[in-house]
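Only this structure's heavy atoms are used, side chains among them; waters, hydrogens and symmetry mates stay out. Everything numeric in this text was worked out from a predicted model, so none of it was measured.
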Amino acid sequence: MRGSGPDDGRHSTSDSGERPRPWLRVFASLALFGFLIGMMIGRLLQPAELRLQEVEVVGQGLHLWFNEAPKVRARHIAGTYVLRVETLGREQQGQLRLQGRAVNWRLQREQRELVLRLVAARPLRGEWHAEEVDGRWRLRVSLAEQ
């Protein structure tokens, strides 16, 4: 039976004679706390994401309403008019009348963009203009036949 005396000159309750140091845990806790506070502040100061709010059919084109200024690229491809907007929004489609003729439009998601395609029986020519109206941004798309 073993006694409570020291085995090799040390008491049985001490491992190596050093006391545990809590500084590593304190430092790690402070670093994690600082990281979380930084994330919360960053989230509060982050600008709102660009989002398509609604699409209106007007006389000779469309009005697309956004919460922020849109970044738009336009192209004419084989008689169609194509707009690419870096935004969030849902896919939609519809039809409008241009000089008594039907023009089909469709919004489709392609990666991080919404692509607006306008197609008619005759080649289209289009222009766009963005402006701020009552705290929202309106992208005005005007169409004409070539």
Side-chain angles (χ1 to χ4, degrees), residues 7-146:
D7 287 340
D8 55 355
R10 296 187 312 201
H11 293 283
S12 62
T13 57
S14 66
D15 295 338
S16 63
E18 294 181 20
R19 292 181 15 186
R21 295 187 181 188
W23 292 110
L24 182 60
R25 283 189 180 163
V26 170
F27 182 72
S29 297
L30 287 175
L32 179 63
F33 183 71
F35 176 72
L36 292 175
I37 293 295
M39 292 280 288
M40 289 190 309
I41 290 172
R43 188 74 171 159
L44 289 174
L45 299 178
Q46 180 181 357
E49 292 179 328
L50 180 61
R51 181 173 298 279
L52 175 66
Q53 295 174 334
E54 75 178 283
V55 178
E56 290 179 24
V57 176
V58 293
Q60 299 291 314
L62 295 171
H63 287 177
L64 286 77
W65 293 90
F66 297 92
N67 61 334
E68 297 288 327
K71 298 173 188 171
V72 182
R73 294 183 319 234
R75 294 183 2 187
H76 291 91
I77 302 173
T80 64
Y81 188 57
V82 179
L83 288 172
R84 292 183 168 273
V85 184
E86 294 179 25
T87 184
L88 299 174
R90 62 183 180 88
E91 294 185 350
Q92 303 175 43
Q93 64 184 8
Q95 192 175 67
L96 62 98
R97 292 295 210 192
L98 181 64
Q99 299 174 354
R101 295 187 177 97
V103 176
N104 294 318
W105 61 269
R106 176 178 285 176
L107 273 168
Q108 289 181 312
R109 171 140 315 276
E110 287 185 7
Q111 296 161 358
R112 294 180 176 241
E113 296 179 325
L114 276 180
V115 179
L116 173 64
R117 288 184 176 88
L118 297 139
V119 181
R122 296 186 181 197
L124 291 175
R125 186 172 28 95
E127 296 178 357
W128 64 270
H129 178 71
E131 61 189 355
E132 188 173 11
V133 179
D134 298 328
R136 297 192 312 168
W137 284 83
R138 176 175 63 194
L139 178 66
R140 191 175 41 185
V141 180
S142 303
L143 300 171
E145 289 182 351
Q146 274 186 336

Inter-residue atom distance [X].[atom1] - [Y].[atom2], 0.5 Å rounding:
{"X": "Gln60", "Y": "Glu145", "atom1": "CD", "atom2": "CD", "answer": "9.5 Å"}
{"X": "Tyr81", "Y": "Glu127", "atom1": "OH", "atom2": "CD", "answer": "7.5 Å"}
{"X": "Arg106", "Y": "Thr80", "atom1": "CZ", "atom2": "OG1", "answer": "13.0 Å"}
{"X": "Glu86", "Y": "Arg112", "atom1": "CD", "atom2": "CZ", "answer": "9.5 Å"}
{"X": "Leu36", "Y": "Ile41", "atom1": "CG", "atom2": "CD1", "answer": "11.5 Å"}
{"X": "Leu139", "Y": "Glu131", "atom1": "CG", "atom2": "CD", "answer": "9.5 Å"}

Residue pair Arg136, Glu56: steps toward the salt bridge (Lys or Arg N to Asp or Glu O under 4.0 Å) verdict: CA-CA 14 Å; Arg136 297 192 312 168; Glu56 290 179 24; 5.2 Å; no

Min side-chain heavy-atom separation Leu64-Val141 under 4.5 Å: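 Counting from C-beta outward, Leu64 and Val141 do come under 4.5 Å.
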
Sole candidate of Arg117, Gln93, Gln92 that passes side chain to side chain contact (heavy atoms under 4.5 Å, CB included) when paired with Gln108: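 The residue from Arg117, Gln93, Gln92 that satisfies side chain to side chain contact (heavy atoms under 4.5 Å, CB included) with Gln108 turns out to be Arg117.
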
Compare every heavy atom of [Y] with every heavy atom of [X], then report the nearest pair and how far apart it is.
{"X": "Arg109", "Y": "Thr87", "result": "NH2-O, 3.2 Å"}
{"X": "Leu118", "Y": "Leu124", "result": "O-CD1, 3.5 Å"}
{"X": "Gly89", "Y": "Leu114", "result": "CA-CD1, 3.9 Å"}
{"X": "Leu143", "Y": "Gly126", "result": "CD2-CA, 4.1 Å"}
{"X": "Trp65", "Y": "Leu52", "result": "O-CD1, 3.5 Å"}
{"X": "Leu83", "Y": "Ala74", "result": "CD2-CB, 3.3 Å"}

Backbone of Glu68 reached by a side-chain donor or acceptor of Arg51 within 3.5 Å: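 Here the side-chain-to-backbone pair does not exist.
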
Any donor-acceptor N/O pair, Asn67 side chain to Gln53 backbone, under 3.5 Å: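 No, the answer is negative, given that no donor and acceptor are paired below the 3.5 Å cut-off.
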
Leu107/Val115 under side chain to side chain contact (heavy atoms under 4.5 Å, CB included): CA gap, chis, key distance, verdict: CA-CA 5 Å; Leu107 273 168; Val115 179; over 6 Å; no

Pair Leu96-Leu62, side chain to side chain contact (heavy atoms under 4.5 Å, CB included): steps then yes or no: CA-CA 8 Å; Leu96 62 98; Leu62 295 171; 3.8 Å; yes

Neighbour count above 12 (heavy atom, 6.0 Å) for Glu49 CD: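 Open: at most 12 neighbouring heavy atoms sit under 6.0 Å from CD of Glu49.
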
